[in-house]
Amino acid sequence: MNEHWWQKAVVYQIYPRSFQDSNGDGIGDLRGIISRLDYLQKLGVGALWLSPVYQSPNADNGYDIADYQAINPEYGTMADMDELIAAAKKRGIRIVMDLVVNHTSDEHPWFVAAKADPTAPTRDFYVWADPVDGHAPNDLTSGFIGGSAWELDAASHQYFLHLFSKKQVDLNWQNPRLRQAVYDMMNFWIDKGIGGFRMDVIDMIAKEPLQKTLVNGPHLHEYLHEMNHQTWADRDFLTVGEAWSAGPKEALRYSAADHQELSMIFQFGHLWADRKLGGEKWEQTPLDVGRLKAALYACQTTLATQGWNSLFWNNHDLPRAVSRFGTTGVHRELSAKMLAITLHGLRGTPYVYQGEELGMTDCPVATIDKVNDVEARTIYRQLIDRGDTPQQAMAKVNIFNRDNARTPMQWTAQANAGFSTGQPWLAVNANHATINAAAAVADHNSVFYTYQALIKLRATQLVLQTGAFAAIADVPESVFAYTRTLGTTQWLICSNFSDQPVTVNLPVADCEVMISNYPDEPRRLGTRRLRPYEAMIVVVK
């Protein structure tokens with residue numbers, strides 16, 4: 001396998017609206033990100049993935065793009081963007097842009113023209129269909145707002161498709177002129193010097209809605225191969241696609257080098273470990289660590305020699321890692337460090353979501369008027385219509401509400417957590433008084449320094465970058481235990497996902513500890529009693 005920068009790096013995701021406000025309007029911005037680059041350099045990350053900062057009416061917080069080649073004034077200017085790219089580069093950090101090309105805003109000039117004139121050159125950039133028996137073409141529904149995914153354009157007597165909100169209109173990738181317009185836009189950003197793209201719902205771009213094929217359409221990989229060759233083919237460039245439909249075998253198809261498509265994709269199989277299979281989004285079950293291991297290990301073995309893995313616990317759409325897979329109680333820091341060690345020992349590129357390195361937690365709210373997330377508000381209404389009381393509905397909403405991940409970054413214990421001098425766009429978690437970056441950087445035993453150490457190991461140790469993965473069998477269900485091996489070098493990673501001690505037999509005698517989350521470091525393993533949430537990486541002697 002050719003060596004790529006993203007095999008050594010850790011990517012840090014920034015949700016710009018919630019990261020750092022520089023002008024007191026309560027909304028994070030590009031100059032705020034620039035002001036925090038020294039912090040990110042200290043952490044050691046190699047790239048920053050920015051959730052969308054393009055011009056947008058914000059029907060879905062920027063995932064509804066009105067102009068791909070303009071910056072939303074809330075976030076700053078294109079000059080600010082250029083400065084961020086340059087300032088990050090000076091610190092050895094690349095910028096990864098969030099690319100949303102499954103749909104645009106209904107305010108994008110392409111759609112404005114298409115709706116105004118059925119003969120417009122961009123009309124076929126979108127998915128249109130005639131009525132069937134006076135109604136929508138079929139029964140496809142919108143994932144965000146409920147109801148039909150088809151919206152009637154009264155002027156032309158045709159329906160347009162929106163699989164998300166009505167303001168997020170689906171693009172027609174069967175049109176080669178649309179595809180070329182997208183590639184030209186991508187090259188605009190590549191020429192600016194960015195280091196990669198994260199591609200939103202990329203498995204949906206080849207949809208055939210009249211056949212009700214919404215993901216993995218028949219031309220998907222053809223389009224991605226074409227995209228590769230029209231844009232980044234001659235560059236060492238990170239591309240990671242969001243593909244909720246993909247398992248390990250599909251991930252291999254996306255990321256195998258000889259297919260010339262993407263660097264990797266985000267797979268989500270491990271996120272079913274605390275959800276009811278086939279159930280609704282809010283139907284939570286106790287964490288099944290066996291299922292969690294099986295999903296993550298399957299990615300390791302299927303992509304063992306070809307393709308590449310992405311490694312993540314959380315992002316802007318998911319609950320906070322420590323609230324979901326660890327604990328927010330007395331062992332919060334131990335469990336946050338355990339999660340970091342478990343994930344960063346695996347083969348692939350780790351992604352850290354802003355505040356994860358502090359052990360930031362979910363932020364439940366009491367009433368729906370405190371919720372910004374458009375999807376959560378829709379589901380709340382549906383739950384009420386089904387007969388739930390407001391209290392019952394909110395209990396369910398708080399499980400998956402995407403605001404959990406979007407509360408402002410907790411920089412200090414001061415007012416508004418140091419995020420803004422004005423009223424933040426979303427309420428700050430009250431626990432910022434104790435969980436914040438200033439306190440973490442001042443405490444060399446904090447979660448922050450565990451992440452810093454892991455990021456440094458990833459950058460410098462070949463065994464973590466490309467070493468072979470092997471699971472250790474016959475360990476308790478609550479225990480992750482696996483090795484990474486490169487030549488004569490072998491590292492062992494072991495972690496306890498339980499708040500109770502557990503005895504494990506590890507096939508190791510002498511060892512050297514590289515990192516652990518308890519202060520006393522073991523020198524020998526063998527049969528060992530792991531303490532609550534204990535985790536370590538050791539070099540096998």
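What's counted below: heavy atoms across the whole structure, side chains too, no hydrogens, waters or symmetry copies.
When each of Trp272, Phe266, Phe268 is tested with Trp244 by the rule ring-ring contact (aromatic ring centres under 6.0 Å, His included), just one qualifies, namely Phe268.
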Show me the donor-acceptor pairs within less than 3.5 Å that the side chains of residues 277-284 make with the rest of the protein, sequence neighbours left out.
from, atom 1, to, atom 2, distance (Å)
Glu280, OE2, Arg386, NH2, 3.4
Lys281, NZ, Glu375, OE1, 2.8
Lys281, NZ, Glu375, OE2, 3.3
Glu283, OE1, Glu280, N, 2.5

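His108 is not listed as a side-chain neighbour of Phe125, based on a closest heavy-atom distance of 4.5 Å or more. Looking at Tyr159 and Glu151, their side chains never come closer than 4.5 Å, going by heavy atoms from C-beta outward. A 4.5 Å side-chain heavy-atom check between Ile515 and Thr450 finds at least one atom pair inside the cut-off. Proximity of Leu358 to Tyr451: side-chain heavy atoms (C-beta onward) are nowhere separated by under 4.5 Å. You'll find the side chain of Pro57 reaches within 4.5 Å of the side chain of Asp64, heavy atoms only.
A salt bridge links Lys192 to Asp82: at least one charged side-chain nitrogen sits closer than 4.0 Å to a carboxylate oxygen. Under a 4.0 Å N-O distance rule, the pair Glu356/Arg320 does not qualify as a salt bridge. A salt bridge links Asp191 with Arg235; the closest basic N to acidic carboxylate O contact falls under 4.0 Å. A salt bridge does not link Asp362 with Arg324: none of the charged nitrogens is closer than 4.0 Å to a carboxylate oxygen. Asp288 has no carboxylate O lying under 4.0 Å from a charged side-chain N of Arg275, or vice versa, which leaves the two without a salt bridge.
Residues forming a side-chain hydrogen bond (donor to acceptor under 3.5 Å, both in side chains) with His219 (at least two apart in sequence, or on another chain): Glu222.
In this structure, Tyr297 and Phe480 have perpendicular ring planes: the angle between them is above 60°, well past the 30° mark.
Contact record, Ile399 with Asn404: O-ND2, 4.3 Å, taken as the closest heavy-atom pair.
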